[in-house]
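Start at 1 with the first residue, then count along the sequence.
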Amino acid sequence: MSRYNDDNEKHLGGAYNGSDPEKVYGNDDHSNQMEEEETHRSLKPRQISMIAIGGAIGTGLVIGSGTSLARSGPASIFIAYAVMGAVCFSVMMALGEMSTKYPSKKGFAGHATRCVDPAFGFATALVYLCKYLIISPNQIVAGALVIRFWNTSINSGVWCAIFIVFVIAVNCLGIKWFGEIEFWLSAVKIVTLTGLILLGLIIDLGGVPGQQRLGFAYWMDGRAFKAYKVAGDLGKFLAFVNALVLALFAYMGTELIGVTVGEAKNPRKTVPAAIKKTFFRILFFYIFGILIIGMVVDSNGALLAAAVARGTAGGASASPFVVAIQAAGITVLPQIINACILLFTISAANSDQYIATRTLYGMAKDGNAPRIFTKCSRRGVPIYAFAFTGCFMGLAFLCVSTDAYTIFSYFVSTTTIFGSLTWISILASHVGFMRGMKAQGISRDTLPYKAPFQPYATYLALGLTCLISFFKGFDAFMPFDYKVFITHYIGIPVYIIGYATYKIARKTSYIPVGEIDFSTGSREFADVHDDEEEDYQYKSMSFGQKVLYKIKNW
């Protein structure tokens, strides 16, 4: 008997090929039962690709980059974002290889179960679920705070209630509508960021009337590398480490493609395409965007200091892009940008709730949560899992009380450690995946998606992510603050306790590389006919329809 518990996929007998369940099972009662108990594979390649990058673009980049710039300086944050961009892409490649080989609805926790240890799979799912149970209500609170840019008289709890109703409605519509709505919301994010980056470039080159060319003026006079906490070279090193931590937070979310792959129409085509496009979008939106921010915003300036002090509560005024716009004397854009940031937070809350639900659903599919969480509605929504995770959105109402919101803000800062532990799990699973293939004499050329720079990229990314996770809370000791220390590292004991408890309770053992199951659940991708049908439809389009199709699928 295989060590990998994949009873559900064995039950399907490999017959499900990604098409309509009725086409596989017929229209009998068994078909209806299976349709109700399974999520639907309805996400299109353009939706997967857009959700992958849109899920990571949020307040961490648009607003949080200002804090990083003020603490570390433009050169430090540029290098930090470049390094973490490489790590992020390595995580995506590792996930891509495993997800195309085994596109399971269990997510990347299923890969950890298969390639390392069932207890490791449980710990992976646990920290990822904790992250999204926390961050989803946080995004709702962020949206309520952004509205304060226009109106402070209406209680924030009203806006929280409206946003929660919206998130519930979108998620209950089913994956087809969810994917389309998230596609367009993510498209707004990308258009907004593209406009901000181009505007920043225009400002830097002196394109604003009455303003001189800036170039790299804000990198001069010792401002390229700033010191944090202490003076001198040690302070500059600490500033760089802090920039790495904040960059990690900004990149978190790109890994959600490992969850959406369970509802993708054709993972063999969808996942590699999304990964390749994510690389270029990381290069443009993150690395080039951070470079532009460092060129148009003075890291020592009073405007940036005031923006950092306001934080998310300041809405658009807290963004370094808006700081640059204000410094250039442009008055209209902050209103528009604030509306876009509001969409950012709503989209993030929507996708975060989706991921929380699918993570709990995956845990139930893997036998690590009550079986009732696998039950789905006719629209393919894990209805009981959604009801459970949706209850945590009620934490957003803590913003009504100032004291409660302070406590909640401490709790929210734990999301970075939960996110980094998830990346560690993905990379460690991929190490086991590659070692298992090598031990069993399976060529990497047989993979549906073969990532470049392997195995070196995974090993380097794993080592760096472990170091950042260990040192991320250094400022809690300068001086020592137990509250900051707890919020920085609470994820580690949760991870360890979850792993140890599961291992003792289930008496699981580490899977030797020679015994990793590389056959069960490996799809033959019989849904290739979907590609042929899509190609036929494209050929029959008019010129205008083809142009629109290319734009939507960029």
Side-chain angles (χ1 to χ4, degrees), residues 55 58-60 125-148 151-152 154-174 178 181-182 185 252-253 256 259 311-313 315 341-364 369-370 372-373 375-377 379 381-419 483 486-487 490-491 494:
T59 55
L126 179 63
V127 295
Y128 201 56
L129 179 63
C130 288
K131 172 192 170 185
Y132 279 98
L133 290 179
I134 294 170
I135 200 170
S136 182
N138 178 54
Q139 297 288 1
I140 293 172
V141 172
L145 292 174
V146 167
I147 290 183
R148 290 185 181 179
N151 187 303
T152 58
I154 299 177
N155 192 291
S156 296
V158 175
W159 302 117
C160 288
I162 293 173
F163 296 153
I164 289 173
V165 170
F166 174 80
V167 171
I168 291 174
V170 172
N171 276 267
C172 286
L173 286 174
F178 170 86
I181 292 172
E182 270 303 300
L185 288 176
M252 283 193 316
L256 61 80
V259 181
T312 306
I341 292 177
L342 179 60
L343 287 179
F344 280 26
T345 59
I346 295 174
S347 172
N350 190 40
S351 61
D352 291 344
Q353 181 57 36
Y354 164 83
I355 296 299
T357 301
R358 289 338 187 252
T359 300
L360 182 58
Y361 170 80
M363 291 179 70
I372 192 173
F373 292 135
K375 299 296 182 180
C376 297
S377 68
R379 293 180 179 269
V381 179
I383 195 67
Y384 294 110
F386 176 72
F388 178 83
T389 58
C391 290
F392 285 83
M393 287 192 289
L395 291 172
F397 291 106
L398 288 173
C399 68
V400 176
S401 169
T402 303
D403 294 335
Y405 178 73
T406 301
I407 297 172
F408 182 62
S409 65
Y410 279 123
F411 193 50
V412 165
S413 64
T414 63
T415 55
T416 304
I417 188 64
F418 283 129
K483 293 180 181 179
I486 290 174
T487 56
I490 187 66
V494 171

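- Applying the side chain to side chain donor-acceptor pair (under 3.5 Å) test to Asn350 and every residue at least two apart in sequence or in another chain returns Asn171, Glu182.
- Contact check for Arg358 versus Pro382: side-chain heavy atoms found under the 4.5 Å cut-off.
- What you find for Pro370 and Ala364 is that their closest heavy atoms are O-CB, 3.5 Å.
- Residue pairs meeting the salt bridge (charged side-chain N to carboxylate O under 4.0 Å, His left out) criterion with at least one partner in residues 383-397, sequence neighbours excluded, are absent.
- Taking both residues in full, the closest heavy atoms of Met363 and Ala125 are given as CG-CB, 3.3 Å, listed atom of the first, atom of the second, then distance.
- Atom CG of Asp352 and atom CG of Asn138 lie 9.0 Å apart (nearest 0.5 Å).
- Across all their heavy atoms, Tyr132 and Ala356 have their closest contact at CB-CB, 3.8 Å.
- A pairwise comparison of heavy atoms in Ser136 and Ala349 identifies OG-O, 3.5 Å as the closest pair.
- For the pair Val381 and Cys172, the tightest heavy-atom approach, listed with the atom from each and the gap, is CG2-O, 4.1 Å.
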Report the C-alpha distance between Tyr128 and Ile355 in whole Å, list the side-chain angles of each, state the deciding distance to 0.1 Å, and finish with yes or no for side-chain contact (heavy atoms from CB on, under 4.5 Å).
CA-CA 9 Å; Tyr128 201 56; Ile355 296 299; 3.5 Å; yes
Please assess Leu173 against Ile181 for the test side-chain contact (heavy atoms from CB on, under 4.5 Å), listing each intermediate value before the final yes or no.
CA-CA 10 Å; Leu173 286 174; Ile181 292 172; 4.3 Å; yes
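- Atom CD1 of Ile383 and atom CD1 of Ile372 lie 11.0 Å apart (nearest 0.5 Å).
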Does Tyr384 form a side-chain contact (heavy atoms from CB on, under 4.5 Å) with Cys376? I'd like the steps, not just the answer.
CA-CA 8 Å; Tyr384 294 110; Cys376 297; over 6 Å; no
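- Evaluation of the side-chain contact (heavy atoms from CB on, under 4.5 Å) rule for Leu343 yields Leu185, Val188 as partners, not counting sequence neighbours.
- For the pair Ser347 (side chain) and Phe344 (backbone), a donor-acceptor distance under 3.5 Å is absent.
- A search for ring-ring contact (aromatic ring centres under 6.0 Å, His included) contacts involving Phe388 returns Phe373, Phe392, not counting sequence neighbours.
- Atoms OG1 and CD1, on Thr415 and Ile135 in that order, are 5.0 Å from each other to the nearest 0.5 Å.
- Residues passing the side-chain contact (heavy atoms from CB on, under 4.5 Å) test with Leu126 are Phe122, Cys130, Val494, sequence neighbours excluded.
- Listed by chain and number, the residues in a side-chain contact (heavy atoms from CB on, under 4.5 Å) with Ile164 are Ile140, Ile168, Met393, Phe397 (sequence neighbours excluded).
- Annotation: side chain of Phe163 is in contact with side chain of Ile147 (closest heavy-atom distance under 4.5 Å).
- Taken from CG in Leu129 to CZ in Phe418, the straight-line distance is 9.5 Å, to the nearest 0.5 Å.
- Under the side-chain hydrogen bond (donor to acceptor under 3.5 Å, both in side chains) criterion, the residue pairs touching residues 388-398 are Gln353-Thr389, Thr357-Thr389, with sequence neighbours excluded.
- Without hydrogens or angle criteria, Ser351 side chain to Ala348 main chain gives a donor-acceptor distance under 3.5 Å.
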